[in-house]
Amino acid sequence: MHANEPTWTDERIELLKSRFEAGLSCREIAADIGVSRNAVIGKLSRLNLRREGSGDERRPPRKNGEKGRRPKTAPRLQYQMLRALYAEPQRVAEEPIQDGHRCSLLELSAEKCRWPINTPGAEDFCFCGNTPVEGLPYCAGHTRLAYKPNSHLRVARR
DNA sequence: CCCTGATTCGC
DNA sequence: GCGAATCAGG
């Protein structure tokens, strides 16, 4: 059926222009046509249809000396990649962490897991106290919790 | 943190 | 010429 998938046909370009002039965002246009957002933006730029004062900020032309592309060492890019990779499948089951070694702040040492238990300042506030992983302040279970990408989901401290 | 647009560069 | 990668602002 569709032996070939042409890049930008006149129809596509017309559609692109229509959507663009209709005020749709590049994201919408891309999803509608079936291409990536960058493809839409790139084509629009090539067509000389760059947006004017709409949508976002005015940003001065970047220095030509600095390549827009960074091979590596990109803090933002790296964290975005990692986030994308770990995006959804983060299904966290409750880690069975052993209790019974809890200790107070004063009893805390390099040999005790420093994971806080309960609310700081409360009567029963203490620390995990399990044997930590070598080189880390937490025991195995709490290390996993500490490094959990979605730790912002309020992990029940145990 | 997520979104958007814009530019640069490799293919 | 096309589009992914990257940057930058809200």
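Small disclaimer: the values here were computed from a predicted structure and weren't measured. Proteins get letters first, then strands, A, B, ... in listed order; numbering begins at 1 in each.
A/T119 contributes no side-chain N or O that, together with a main-chain N or O of A/A122, makes up a donor-acceptor pair within less than 3.5 Å. In this structure, the side chain of A/N130 engages the main chain of A/Q98 through a donor-acceptor pair within 3.5 Å.
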Can A/C103 and A/C126 be said to form a side chain to side chain contact (heavy atoms under 4.5 Å, CB included), step by step? CA-CA 6 Å; A/C103 63; A/C126 57; over 6 Å; no
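Between the C1' atom of C/dG3 and the CD1 atom of A/I29 lies a distance of 16 Å, rounded to the nearest Å. When the P atom of B/dG5 is taken as reference, atom CG of A/L16 falls 12 Å away, rounded to whole Å. Nucleotide B/dG5 holds its C1' atom 16 Å from the CG atom of A/N48, rounded to whole Å. Spacing between atom CG of A/L47 and atom P of C/dG3 amounts to 11 Å, rounded to whole angstrom units. Residue A/E28 contributes atom CD, which lies 9 Å from atom P of B/dG5 at whole-angstrom precision.
With distances taken from any side-chain atom of A/R37 to the nucleotides C/dG3, B/dT7, B/dT4, the minimum falls on B/dT4. Residue A/S45 has its side chain nearest to B/dT7 when only B/dT7, B/dG5, C/dG3 are considered. Taking every side-chain heavy atom of A/N38 into account, C/dA4 is the closest of C/dG3, C/dA4, B/dG5. Comparing B/dA6, B/dT4, C/dA4 by their nearest atom to the side chain of A/I41 picks out B/dA6.
A/R27 has a side-chain polar atom (N or O) that falls below the 4.0 Å cut-off from OP1 or OP2 of B/dT4. Close to C/dG3, at under 4.0 Å from its OP1 or OP2, lies no side-chain N or O of A/K43.
Counting only heavy atoms from C-beta outward, the side chains of A/V133 and A/C139 never approach each other to under 4.5 Å.
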